[in-house]
Each structure stands twice: as C-alpha cells, then as structure tokens.
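A, B, ... follow the sequence lines: proteins, then strands. Residue 1 opens every chain.
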2 protein chains.
Amino acid sequence: MPTPRRRGRPLSPAVTREGICRAALEIAAESGYEALTMARIARRLAVAPSALYNHIRGKDELMALLQDAVMDGVSTAELERAARGEMAVSEALRAWARSYRAVFAAHPPLIPVIATMPIAGAPRTQEVYEAVCAALARTGLPPGAHLARVIALESFIYGSAYDVGAPADIFEVADAAEAVPALQHAVSAFRDDGHAAAPSGANPYADAPFEAGLDLLLAGLDTASPQPGPASPSSG
Amino acid sequence: MPTPRRRGRPLSPAVTREGICRAALEIAAESGYEALTMARIARRLAVAPSALYNHIRGKDELMALLQDAVMDGVSTAELERAARGEMAVSEALRAWARSYRAVFAAHPPLIPVIATMPIAGAPRTQEVYEAVCAALARTGLPPGAHLARVIALESFIYGSAYDVGAPADIFEVADAAEAVPALQHAVSAFRDDGHAAAPSGANPYADAPFEAGLDLLLAGLDTASPQPGPASPSSG
DNA sequence: ACCTGAACACCGTTCAAGT
DNA sequence: ACCTGAACACCGTTCAAGT
C-alpha cells in the first residue's frame, strides 16, 4: 500500500484535468482502450475514483478531452506552408490526411467522438480545421465547396482509420468461394498488383485503398482560377 | 408477472438466433442502442438472460449478427442491373452508397463492427460485396484497382454515416470566432450556397459533403477501355 | 439440448463526511 | 474546493441444478 491520503482537501490538488488526460493516454497506449476505466485512471493518479468527478463530468467528457489531445498529433505544418504559397495544397492535404489517419487508427474509440462532437470546446481541433480551410483558400475551388471537401476528406479518413486495425483475413471466405466469384476475382487481382505484402498480421487492404481514395478526393485542387460551380458568386 | 417457465428444457425452443436478432433490432429502433442490453433482449423474449448464451457466444457475436442483418437493408438491385449492362455503373454505385449510408446512419454502433469484421460468417455482407465487384467488372477500371475502389467508397460511407447523426452546432465556435477566420469563412460560404436548410435539429453539414465526396470517388468509371494505371499487367 | 436462478466480477456515478 | 469511503444501480457472463 502506498501511503494513503488523509480524508479532507489536500494542500495542493492531487488531480488536474491534464493529469487525468495524460494518465488515460498512457493506459490506452500500454493496455488498450478496453483497459481504460475510471478506476484504472484513479489508481494511476493514486486517488479514489470519485476524486476524478471533481474535475471532469464523467467518462464522456474524458473522451472529448482525449480526442482534442490526440488531435495534437495531427500534422498541420504542411498546411501552413501551403497557406503561405510554399507548397502545393494537394500535397499538404495529403500529408495532413496521412497523419490524421495514423493518429485515429491508434485511437479507434475516439473516431465516433471526433466525428460527432461540436468543435466548441476543442481548441486544437479548431486549429486543425482552420489550417485546412486556410490552405483550401489558396485553391481554385469555389469557397462554397471548401467545407464540403474538408468534411468529405474527414469522413473518408475516419472510415480508413478503422481499416488499419482490421484483421488480415477480412476478405477470406473459405467455404462458399464459388458463391462470390466477382469478389474472389477482385481480391486476386488486388494481390497480383503486389499489395498483399503487409507486415505480419496487418491488414493488407488498408494502405492501397486509402491512397487511391485520397487521390480521388484531392482532385481539382492546385488550379489558379475558380472552378465552374453550380452557385454563382452573386447568388445567396 | 407473465406465467413463469418451468425450470428444465422446454418442449419447443423458446429462443432462436433469429429471435434474438429481431428482438435486438426492435429494442434499438424503439429505445436506441444505449438500451440494448442482454437483460432487455431476454425480457422481450420472456426468458432469463442466461438463456441467450445457449444461442450466441456473447454480445460481440450479437453485434456481428445485427451487422449482417441490417446489411439486408442495403440496396443491391441497381448494382445487379448495372452488372447486366442495363444501368450506368456509377449511377448504380451512387444508389448503393446512399442506401448504405442511410442504413448505418441508423445503426452507428455497428459501424466499427462492419468496418473491421471478417466477412466469413456474414452471408448478406458477402452478397453485397459480390454485387459491387460484379458491377465494377463492367468498368474500364483495371481489375487490380477494383477492390481498392470498393474499400475507399466504404470507408467514406462509414465516416459519412456518423455525420448524419451529428448535432447541428458542430461548427459553432461562439467565442473565439476571430481565432478561426478561414473556417468561419468556409462555414459562411457553405451556408450561402443554400445548404444550411436541414430539417429541425438535423446536421446541415452531412448531405452536401456526402454527395460531393461521392462524385469524386465515382470518377473514372463508365469508360469502356481500361484506364492507364501505375502497375503494368506483366509485373507482380 | 436448453432452460432457471443465483452468483460473480466488474462498470460508471453519487454523495455524505471530512478538512 | 477537493479529497475518501461506502453505496448504488447497473453491466455481461458463468454455472450448477433441473427436465
């Protein structure tokens, strides 16, 4: 037993929101998100579980906190260069998208959180959006289409992040292979293209689809003049 | 109290996998997935919770069962017409993608399941993949690129399905609007394009981004001759 | 084979008591 | 304001007993 704390208020606070956040990320990294419980966080901070509730409303708020924290690992340096005209916007978005996917592939339970949570209380998330929009402003894309492109890219990134953690045998059908000939043919052709070579038990169907989709979703950028769009500048 | 069952084995089985599945979907539809517990399913079937474990291994297997069951709501009719050459493949994929998104928008907790679960035990899911691949075979796209396109589309659909259920105020920043000028500009321009008109409290940032992303991810189909690709047929 | 009933090992969360 | 400790209302799951 570590020396127990007295019952009342400590001289200096034993718990902070930052401390909770750090402890939670350490637990998730060491033991996975299944192991991330309020009790485990409290134990790591050497306090009672109930002490956490003086700093966060509950586990939902913790997840929101974590989401914004891991967002710090998403690279916006390239976007800032692109916004200054020092780099092609599509290349900057590609770098951003890759780091974004990598971060959330390591934190799958945060995907529903980032996908549906208002950005209001998440300062780092706001910064990322700002960087993306500033880069898109250097583009020929009409302003009314910027946000849609950002959201489409994000949606694709979230789904792609799940793929990274999928098992290598997702498309194995073992029995009844004759019932899905077109699928079998597509899987074979994918492998013949040299993709199936993924490390150990990793999902071989993650990287190539991500890069292919990314190429398509980055089309039409890097042009100087505004694209023809359905909305004219004088409308609205 | 409804008449209680005797202790031993009943003359006809009181529980089936199909019954569990149906009850679970009813509970999710009526009360949401937060209300979907083993106890609640058992109560609806008028059995003890432990009785369920004679038919399914646990809640994980239930979720897998539900995933394949809701997959039945994804429309493959257009894909089959396209595979017979009666419809443009891109239009068939568009219809498929829309119904796919709608189905999983209604079942968000199944998104991580479909995204990472092997298709081996999911016959309806296999059928859907088969229909998509058969339609893509009518395309000029090189066979080695078919599966990647399918997976890219799916990843995009999963992320987009989350967006549907997001609150309408996701991009509200209230304070600190001056800290994110480019984002504010993009949000305003999006609204000026007439998108913000979503019903009641629905997320106005879901449909337009989905359609825009879909357009991009369906590019390069509907051509008769094979596309030039980075991999030559003789390699690999 | 397939049910009941009791029990287990957890969860997240609340709250009075204490300083 | 901020901690402890006890308690609460759940969870999913296991298993002996019963037919």
Side-chain angles (χ1 to χ4, degrees), chain A residues 1-25 27-28 30-67 109-110 112-113 117, chain B residues 1-25 27-28 30-67 109-110 112-113 117:
Chain A
M1 283 239 189
T3 69
R5 197 185 320 281
R6 293 274 305 292
R7 221 167 193 270
R9 177 189 188 187
L11 298 151
S12 74
V15 184
T16 62
R17 287 167 68 90
E18 292 72 28
I20 292 173
C21 201
R22 197 176 42 75
L25 288 174
I27 292 164
E30 290 169 14
S31 315
Y33 272 90
E34 327 81 55
L36 186 63
T37 66
M38 301 300 272
R40 182 90 175 252
I41 296 168
R43 189 150 58 88
R44 182 172 277 257
L45 297 174
V47 295
S50 52
L52 303 177
Y53 293 84
N54 288 306
H55 304 270
I56 56 173
R57 232 191 304 276
K59 202 176 183 185
D60 283 356
E61 193 175 86
L62 170 67
M63 296 299 274
L65 229 52
L66 294 182
Q67 181 265 298
L110 299 180
V113 180
M117 220 195 37
Chain B
M1 287 245 188
T3 69
R5 196 183 321 278
R6 293 274 305 290
R7 219 166 195 271
R9 178 188 187 186
L11 298 151
S12 75
V15 184
T16 62
R17 286 166 70 89
E18 293 71 28
I20 291 172
C21 201
R22 198 175 42 75
L25 288 174
I27 291 164
E30 290 168 13
S31 314
Y33 272 90
E34 325 83 54
L36 186 63
T37 65
M38 300 301 271
R40 182 88 174 254
I41 296 168
R43 188 151 58 87
R44 182 172 276 257
L45 297 173
V47 294
S50 52
L52 303 177
Y53 293 84
N54 288 306
H55 303 271
I56 56 174
R57 231 189 306 275
K59 203 177 184 184
D60 283 357
E61 192 175 85
L62 170 66
M63 296 299 274
L65 230 51
L66 293 181
Q67 181 265 298
L110 299 180
V113 180
M117 219 194 40

Atom [atom1] of [X] to atom [atom2] of [N]: distance rounded to whole Å?
X       : N      : atom1 : atom2 : answer
B/Tyr33 : D/dG12 : OH    : C1'   : 18 Å
B/Leu52 : C/dT4  : CG    : C1'   : 13 Å
A/Arg17 : D/dA1  : CZ    : P     : 16 Å
A/Glu34 : C/dC11 : CD    : P     : 12 Å
A/Ile41 : C/dC11 : CD1   : C1'   : 13 Å
B/Arg43 : C/dC3  : CZ    : C1'   : 19 Å
A/Ile20 : D/dC2  : CD1   : P     : 11 Å
B/Asn54 : D/dT13 : CG    : C1'   : 12 Å

Side chain of [X] - closest among [options]:
X       : options               : answer
B/Pro49 : C/dC3, D/dT13, D/dC2  : D/dT13
B/Pro13 : D/dG12, C/dC3, D/dT4  : C/dC3
B/Pro10 : C/dG12, D/dG12, C/dC2 : C/dC2
B/Lys59 : C/dC3, C/dC11, D/dG12 : D/dG12
A/His55 : D/dC3, C/dC3, D/dT4   : D/dC3
B/Tyr53 : C/dT4, D/dT4, D/dT14  : D/dT14
A/Thr37 : D/dC3, D/dG12, C/dG12 : C/dG12

Minimum heavy-atom separation for [X] to [Y], with atom names?
X       : Y        : result
A/Ala35 : A/Ile27  : O-CG2, 3.7 Å
A/Ala24 : A/Leu66  : CB-CD2, 3.8 Å
B/Ala64 : B/Val113 : CA-CG1, 4.1 Å

* Asked: Yes or no on side-chain contact (heavy atoms from CB on, under 4.5 Å) for A/Ile56 and A/Met38, after CA distance, side-chain angles and deciding distance?
  -> CA-CA 11 Å; A/Ile56 56 173; A/Met38 301 300 272; 3.9 Å; yes
* To do: Please work out if A/Ser50 contacts a base, only the sugar-phosphate, or nothing of the nucleic acid, heavy-atom cut-off 4.0 Å.
  =>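 It contacts base atoms.
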* To do: Determine which bases of DNA chain D form Watson-Crick or G-U wobble pairs with both distances under 3.5 Å, and write the result as a 5' to 3' dot-bracket string with | for other-strand partners.
  => ||.|||||...|||||.||
* 5' priority, DNA chain C, between A/Gly58 and B/Ala48 [closest heavy atom] ->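 Checking each residue's closest nucleotide, the 5'-ward one belongs to B/Ala48.
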* To do: Please report the C-alpha distance between A/Arg44 and A/Arg22 in whole Å, then the side-chain angles of each, then the deciding distance to 0.1 Å, and finally whether the side-chain contact (heavy atoms from CB on, under 4.5 Å) criterion is met.
  => CA-CA 10 Å; A/Arg44 182 172 277 257; A/Arg22 197 176 42 75; over 6 Å; no
* Asked: Ion pair present between A/Arg40 and A/Glu30, side-chain N to carboxylate O less than 4.0 angstrom?
  ->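 Answer for the salt bridge query: no.
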* Trace of the side-chain contact (heavy atoms from CB on, under 4.5 Å) decision for A/Leu52 with A/Ile41 -> CA-CA 9 Å; A/Leu52 303 177; A/Ile41 296 168; 4.2 Å; yes
